[in-house]
Amino acid sequence: MKRYNPQEIEAKWQEVWADGKTYEVSDKADRPKAYVCEMFPYPSGAGLHVGHVRNFMIVDAIARFYRQLGHNVMRPFGYDTFGLPAENYAIKTGLPPQETTLTNINHFREQFKRMGMGVDWSRETNTSDPEYYRWTQWIFARLYEKGLAYQAENFQWWCPHDKTVLANEQVEGGKCWRCGNEVEKKRMKQWFFKITAYADELLDEIDNLDWPEKIKTMQRNWIGRSEGAEIEFVVKNTTRKVRVFTTRPDTIFGATFMVLAPEHPLVSRLTNDKTRKAVGKYVTEAMRKTEVERQENKQKTGVFTGSYAINPATGEPIPIWVADYVLATYGEGAIMAVPAHDERDYEFAEKFKLPIKQVIRPLVTGEKNEDAIRRNVISAVVKRPSDGKFLFVKWHKFGWISPVIGGIDPGEAVEEAAVREVFEETGYRTRFIKKLGGEVEKYFFAENKGEWRHAISQPVLLELTEETPSAVSAAEKKIQEPVWLTHDEAMEQVTHPDNKIGLDRFTNGVKNYGLEGTMMNSGAFDGRQSSEVREDIVAWLEEQGVGKSKTTYRMRDWLISRQRYWGCPIPIAYDAAGKAHLIPDDQLPVLLPKITDYQPDDSGRSALAKDKKWLKVTIDGQEMTRETDTMDGYACSSWYLLRYCDPKNAKQAWDKQKVDYWSPVDFYVGGDHAVAHLLYVRFWCKFFADEGLLGFREPVKRLLYNGYINAPDGKKMSKSKGNVIDPLDIVDQGYGADALRVYELFIGPYELDAAWDPRGIGGVYRFLNRVWTVTQEYLAASSAKGGDPADLLKAQHSTAKRVTEDLHRNSFNTAIAALMEYVNELYKLKTSGFSPEWQEALETLVKLLAPFAPHIANELFEQLGHSESIEEAGWPKWDDSYLVASEVEVVVQVNGKLRAKFSVPADTAVDEDEIKKLALSQENVQNFVSGKQVVKTIYIAKNHLINIVVK
RNA sequence: GGGCGAGUGGCGGAACUGGUAUACGCGGUGGACUUAAAAUCCGCUGCCCAAAAGGCUUAUGGGUUCGAGUCCCAUCUCGCCCACCA
């Protein structure tokens, strides 16, 4: 008998697929299409490790599954080749990125082929190929014509190490995403793509995407739409105006000062002789600070400009300050500060002794209204650990606890029984008493002693039922009366030096519970609810011409300029006057010249600036100088999904018909780029649709976001940690690509991270070996006997069903488990020769296995006597009639606990009375039922489960 | 601080709409084959009890239900993302 030899059969089938161009597809097919691909990789010099390849295996399994289902499946591959790592490598070695990139691609392609990936290689795409980036430039031109590519001078993130500006998305925790060095702010003229023009659609359409919630939430947060108002404050004794954005126009009467960001253009004009020096110093220092330094020091700093603005609501002058807690890049770069109702403003006001004016009375303070009491107050019983006794308290969410009585004096320790008694007496119906974990520090006012107390307790929370008898609530109100504090009184208590509660707790209270409430100190608006008055205040300001509704986004425009060599050149040139001109379409591509000195410098221009010859260009007979910035690599990757549909087109970026046939992508698989790339592809797609270049507005129908495979120690695999596992090592150890593929999908759900277990692959290899062996035994025997065909058919059909359903919900690990069970079953049934049932059982096995382990599946399918491919043979169907068992096992529970099982013929299982009789006659059931009264029985025919309830 | 997600054996994990918890694999263990080992094959393997019977068990506490890993409330722990966004 021939042994399972992965090396041999894998080489054979990889050759068959390559020679036969098996996976090349065209858009001319009368089958339903399926477009499946992964986020294309950056081909690094290090090659792939077993962590990277999982998403390729997911894609390949899906692609093969849909091919077998009869779909016209496009499964392309490509390389994201522009970018910093290749250029840094060129600087280090002097080797041109054009060459190293091709070397790396060749390495990747080889690795990829040896995994047995079913790829349409005719669609291979490389973003640094002039035939590709020519169209990236063409897209830039279209964006430029529509005003969606523009230049602006601005403060930008600058990486001093890589000497380039970075997009917001590329700054991670104040550090460069590539080199990890701290970034700085630098004022530069840069190119932007106006993604904010599509902010609303990008946000609203998220709801309709079949994407993981996690990614959708991240995109929503990233776009960060805030509805509010834009309000103008006139600077006192001038005609100058400071514009602010606020989401809380209702608090305008409480705006007691203003704050500008250090970068705000008006700062220098608002200073006077006295303040100029201090403000200048503060601004310089703030600008010099790196983002990390600004984040580390959350202590409020700031300086007074010397100017005042007029609060348009009150007419009062309020001081204008400069502080770096206000961000230049959000809203108007200036705020109206309302210290009474904003934590950050409160902190600032406290530090610089600025006035605090309360304009909203939070519901919880002073409101003697039952609703408010119920919503904002939790009744609690504090249990003292030392003696297990209880203390009744009522907890204000302002961070301290005051006692509520109800028959027991505050501070009095009582037995648990007494606690229950009181609750019964007062009519509170307790739903539960529960222990909370850990100790809690509480401050409470001991009424009988007339002083504030501090306690460490283990609280036991007690929730009240909804209906509290009116007699009780009246009594409760009476008791509570002295405890309720107004906002001012509360603040007094809290800030009193003898009180240990501290400001933190109080401001937390304000933040969480003081934001909405009843208006006060707000003129005509007093007495109304803050949430209801917002629009009216905006309307009132608008009448005076000083405000209007406005929506602001957290997302900024996409900065695409890179002062680097190895990127797609921006197709722009400047005339003698410095005016920008598009390079005409017929002069595209703007080829990236081959140079020798790649080193960037502090000039703010890329190494391209050193190529004097390249710099010169003639447009319409006019001599001009080329733009030396290149585009962010994300620009190149924002449209490759479209190019895959028409990769060889030399006349246009793509043919609309072809793209409309294949797109949108049915399955897009990756484990990275949750916001950046996945937002940019959506943005460009919408733009192309508006230009009439596409017939759809969302490029990715379904997104599968896969988890990482980590090293056995649970850490990320990386070259520097030396814990990288090369997939080809696993293959060459003798396990083969099939075992590797099956293992990576079997290790756990695809969306979760998993740790590589070197022993796990052995189990999977054993499984494939058993698949091989059971088939060989069948083929080798000559006479026709074997297991009971009924058992065989049942196993075959139920496995087909399970695997199909699991694949439809991308549950690869359970699909493989089902196949393992099937093989174990085949082993038990023991074939020893040909029979039509066994032939079909094994063909089904091999077909179901093909998406995961295509080499062994194709080999065995051939050995089973087929010359056509597995794809042509199609996906196994199942017949539910084989799944119906002749006998079923009835499960008997008594009071929900399993007590007995017995078998009955399937047609008996529908007879409830009969089942009940049989259940009660079971010996072990009688042990639990006899002497007790059967209250009722519940029979669930679907699960053939009966539950007997006794008392 | 905010948002999202997750806690099930020694380990990775299974249980689709509430209905026999621990499928499948790893590891462990006993046996067969072998002079021996590897490979392979066949058992056993959540915990407590000598075994049977029984009891306990899906982070913790509670609720709803005939019945809860699954639904609800609270608490704890871990992970990821965002983070002075007005």
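The basis for the numbers below is simple: all heavy atoms, side chains too, and nothing from hydrogens, waters or symmetry mates. Chain identifiers are assigned alphabetically (A, B, ...) following the order of the sequence lines, protein sequences preceding nucleic acid strands; residue numbering begins at 1 within each chain.
- For the pair A:Arg770 and B:C24, the criterion of a side-chain N or O lying under 4.0 Å from OP1 or OP2 is not met.
- Residue A:Ser226 has a polar side-chain atom (N or O) positioned under 4.0 Å from OP1 or OP2 of B:A86.
- Residue A:Lys216 places none of its side-chain N or O atoms closer than 4.0 Å to OP1 or OP2 of B:C4.
- Contact annotation for A:Gly331: no contact, since no heavy-atom pair falls under 4.0 Å across all strands.
- Note on A:Gln893: a base of the nucleic acid sits closer than 4.0 angstrom, heavy atoms only.
- The distance between the ring centers of A:Phe257 and A:Phe348 falls below 6.0 angstrom.
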Short heteroatom pairs, N/O only, protein and nucleotides 51-54 of chain B, under 3.5 Å:
unit_1 : atom_1 : unit_2   : atom_2 : d
B:G54  : OP1    : A:Asn924 : OD1    : 3.2
B:G54  : OP1    : A:Asn924 : ND2    : 2.9

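- Pair assignment for B:A23 gives none, since no Watson-Crick or G-U wobble pairing has each distance under 3.5 Å.
- Classification of B:G9 as syn follows from a glycosidic angle within 90° of 0.
- A heavy-atom distance below 4.0 Å to RNA chain B is reached by none of the residues of residues 800-807 of chain A.
- Pair assignment for B:U70 gives none, since no Watson-Crick or G-U wobble pairing has each distance under 3.5 Å.
- Donor-acceptor pairing under 3.5 Å is lacking for the side chains of A:Thr775 and A:Tyr4.
- For the residue pair A:Asp345 and A:Tyr325, a side-chain donor N or O sits within less than 3.5 Å of a side-chain acceptor on the partner.
- Checked by atom type and distance alone, the side chain of A:His944 pairs as donor or acceptor with a backbone atom of A:Glu889 at under 3.5 Å.
- Between A:Arg766 and B:C26 there is a side-chain N or O to OP1 or OP2 distance below 4.0 Å.
- Counting only N and O atoms by type, the side chains of A:Thr329 and A:Arg556 include a donor and acceptor under 3.5 Å apart.
- Taking a pair to require two hydrogen-bonding distances under 3.5 Å in either a Watson-Crick or a G-U wobble arrangement, B:G1 pairs with B:C82.
- Residue A:Lys901 has no polar side-chain atom (N or O) positioned under 4.0 Å from OP1 or OP2 of B:U20.
- Remark: A:Glu744 does not engage A:Arg54 in a salt bridge, criterion side-chain N to carboxylate O under 4.0 Å.
- Remark: A:Lys216 NZ is packed, more than 12 non-hydrogen atoms of other residues, nucleotides or ligands lying under 6.0 Å away.
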Expected list for residues 799-807 of chain A: side-chain donor-acceptor pairs under 3.5 angstrom, two or more places apart:
unit_1   : atom_1 : unit_2   : atom_2 : d
A:Thr799 : OG1    : A:Ala795 : O      : 2.6
A:Arg802 : NH2    : A:Glu821 : OE2    : 3.0
A:Thr804 : OG1    : A:Ala800 : O      : 2.5
A:Thr804 : OG1    : A:Trp875 : NE1    : 2.9
A:Asp806 : OD1    : A:Arg809 : NH2    : 2.9
A:Asp806 : OD2    : A:Thr814 : OG1    : 2.9
A:Asp806 : OD2    : A:Ala815 : N      : 3.3

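- In the interface, the side chain of A:Lys300 is paired with the base of B:C84 through a donor and an acceptor atom under 3.5 Å apart.
- A 3.5 Å limit on both hydrogen-bonding distances identifies B:G43 as the Watson-Crick or G-U partner of B:U29.
- Heavy-atom distances to RNA chain B give each of A:Val764 and A:Phe245 a nearest nucleotide, and the one nearer the 5′ end belongs to A:Val764.
- At a threshold of 4.0 Å, the pair A:Arg534-A:Glu227 does not count as salt-bridged, since none of the basic side-chain nitrogens sits closer than that to a carboxylate oxygen.
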